[in-house]
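Sequential numbering from 1 along the given sequence is applied to the chain's residues. Both ligands and their constituent atoms are indexed starting at 1 by order of listing.
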Amino acid sequence: MSEVRARTLPSGVSDPGAVDAVIVGAGFAGLYMLHRLRGLGFSTRVYEAGSGVGGTWFWNRYPGARCDVESLEYSYSFSDELQSDWKWTERYASQPEILSYLNHVAERFDLHRSIQFETRVTAATFDEAANRWIIRTDRGDRVSARFCIMATGCLSAAKIPELEGIETFKGKRYHTGHWPHEGVDFTGQTVGVIGTGSSAIQSIPEIARQAKQLFVFQRTPNFSVPAHNAPLSADVIQDWNANLASYRNMERTSAFGFMHEPSTKGALEVAPEERQREYETRWQRGGFHLIGAFTDILVSKDANDTAAAFVRSKIRGIVRDPAVAEALMPTSYPIGTKRLCVDTHYFATFNRSNVTLVDLQASPIEAVTTAGVRTSAAEYSLDSIVFATGFDAMTGALSNIDIRGRAGVALKQKWYEGPRTYLGIMVAGFPNLFTITGPGSPSVLSNMVVSIEQHVDWIADCLAHLREHRLALIEATLDAENAWVTHVNDVGHQTLFPLANSWYMGANIPGKPRVFMPYIGGVGPYRQKCDEVAAKGYEGFILSQAATYA
Ligand code: N01
């Protein structure tokens, strides 16, 4: 099979070409998927909306943007040479470093030539007569593909809240997920940041250092733990390299896709002093380790309360003004059930004289005005507003594409009451359409790179299997899908996650169904399930004959 050369087509010109596979998106998922399919000899084209590779790391260039999974672990494992050649410099990699890494990967594996940039896929329609997907783009492309693989990301459809008067604001507006490539200089400005999720918590300390005055508009306080970011020491790197195979295996078989010290006890099984010691050790270590301190933090409210109280006591200790500290303390949901944030000096930033917390629970935003933001208590004049207001998570990027399966049924319609998938990889009624880290898989509850590699490998092996057996189609059965959705819900409801108004639950998007979208059964057990399904001849899928492969 011949490689399809990428080229940027002039607007309005349609491409009648046919390929084996179209991949939508050139982030971590799309790049590795392209590499695997090319290695298998499938003709493949990638469409990417951005002007470069990187996905999340291409768009999210806000100050302080950094991964909350440690850099050595937040990296591909598929190539030994890549692993030994690339040198991470910090414990938690910054956005520019991750983007350089992904550019390096694209160059190293010669991926650019199969990617058509600045091209957004607008529609994907399954042609039942031909058993092929017809993919259309905003540049007028029309390409037919046997397989359509969505590598569109879980947090890529940025959400600006529907606030009255937004368009009238005379100053500058930014969204953290669409940050200007040239950067923004806030020196001398009065800036408002709306939101206090991970993006806000990372950017606020950086913006505060530049701005004359910063107002932080907080609707829901967030739990955050320190990153304790630092340059990677030679010892850490040496240990990582010496134990690479076993560490990678630990990630793949773990609960969340990264290495952690597993706990063996429940939080209430130990004496208060021991509990405190354990939390303190993990706080000092930094990152997500705190949430793994005990086995039951995410399943028992009483256990969870102890971890939440510990973090609140830390906030009380860091923030000097007791009223501000109080307002920064989350109390309305269990810790960990909204994505735990990992920060560098976030709470301490509220000790600065140029930073003011605006508590929207006490006085909600009424409108954006020409001059700034008006709450029920005051009007704040601003030069710039930063919307750190998140994403239409997990389903948003897919819903933005008009995806139609058998009988012209729209995916959006099928998912009207919440996403339904088999294994988070396929959807009944949408043959040969794959969703990398789709809803119903561990995805956002895991180290994304580990989950991406697992899905890409599974999909690549599946396509090779179909070709080897001269099969045209793979399609999830409705029964398998229903059983999986029930299982995903059952497991989710054994945890505390449904208690929070989180984006995991779709709660941040008005009108979005409240469904716990990711799968919390664990990265290791999930991988095992996917492998078993494949080993049993793709149990739960219908595979059908009569393919002609070029
Ligand atoms: O978005 P969010 P994010 N008025 O949805 C508030 C990943 N990520 O971009 O909680 C006022 O978490 C909203 O308030 P509330 C990570 O998985 C990773 O920060 O809905 N406020 C909330 O405070 C993360 O979880 C990294 O009440 C409004 C904030 O905006 C995910 O991306 C870095 C509002 C949105 O927080 C999303 O994070 C960054 C309104 N109308 C992101 N609407 C790392 O790797 C929304 N809000 C470190």
Side-chain angles (χ1 to χ4, degrees), residues 28 55-57 59-71 73-74 91-95 98 153-166 174-179 192-204 206 215-227 229 256 258 286-288 328 330 332-333 336-344 346 357-361 363-368 373-376 385-394 396 437 443-449 500-510 512 517-518:
F28 265 100
T56 281
W57 302 104
W59 298 106
N60 286 265
R61 296 171 188 241
Y62 59 83
R66 191 176 283 289
C67 188
D68 53 9
V69 174
E70 300 191 28
S71 55
E73 299 195 57
Y74 192 80
R91 179 178 175 190
Y92 294 96
S94 66
Q95 174 271 330
I98 301 172
C154 295
L155 295 157
S156 48
K159 175 71 185 160
I160 299 265
E162 284 126 34
L163 292 171
E164 188 194 319
I166 282 192
Y174 306 97
H175 189 287
T176 46
H178 279 285
W179 204 257
V193 173
I194 299 183
T196 49
S198 302
S199 304
I201 279 177
Q202 289 187 331
S203 57
I204 282 167
E206 300 291 326
F215 292 101
V216 176
F217 293 90
Q218 172 190 272
R219 188 164 66 181
T220 312
N222 239 313
F223 290 101
S224 188
V225 292
N229 187 38
F256 296 106
F258 53 83
F288 292 131
L328 285 166
S332 60
Y333 59 94
T337 57
K338 277 179 169 242
R339 171 81 168 209
L340 186 64
C341 302
V342 179
D343 72 89
T344 300
Y346 173 65
L357 182 69
V358 181
D359 183 356
L360 300 179
Q361 273 167 17
S363 45
I365 293 179
E366 287 183 346
V368 175
V373 169
R374 191 179 72 233
T375 70
S376 60
I385 301 177
V386 174
F387 289 95
T389 44
F391 303 88
D392 183 354
M394 305 204 72
T437 63
S443 60
V444 291
L445 294 175
S446 71
N447 176 350
M448 287 299 284
V449 186
N501 287 326
S502 66
W503 57 255
Y504 297 134
M505 297 289 298
N508 63 327
I509 303 296
K512 194 166 173 174
M517 294 183 286

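- The number of heavy atoms from other shown groups lying within 6.0 Å of CD (Glu164) does not exceed 12.
- Applying the salt bridge (charged side-chain N to carboxylate O under 4.0 Å, His left out) test to pairs two or more places apart or on separate chains, none has a residue in residues 192-202.
- Contact residues for ligand 1 (protein heavy atom closer than 4.0 angstrom to any ligand atom): Tyr62, Arg66, Cys67, Asp68, Leu155, Pro161, Ile194, Gly195, Thr196, Gly197, Ser198, Ser199, Gln202, Arg219, Thr220, Lys338, Arg339, Leu360, Ala388, Thr389, Gly390, Phe391, Trp503.
- Side-chain N or O atoms of Lys512 include one that pairs as donor or acceptor with a backbone N or O of Ala393 at under 3.5 Å.
- No donor-acceptor pair under 3.5 Å is formed between the side chain of Ser443 and the backbone N or O of Pro518.
- Screening Phe28, Phe258, Tyr92 for a ring-ring contact (aromatic ring centres under 6.0 Å, His included) involving Tyr74 leaves a single residue, Phe28.
- Using a 4.0 Å cut-off between charged nitrogen and carboxylate oxygen, Asp359 and Arg219 do not count as a salt-bridge pair.
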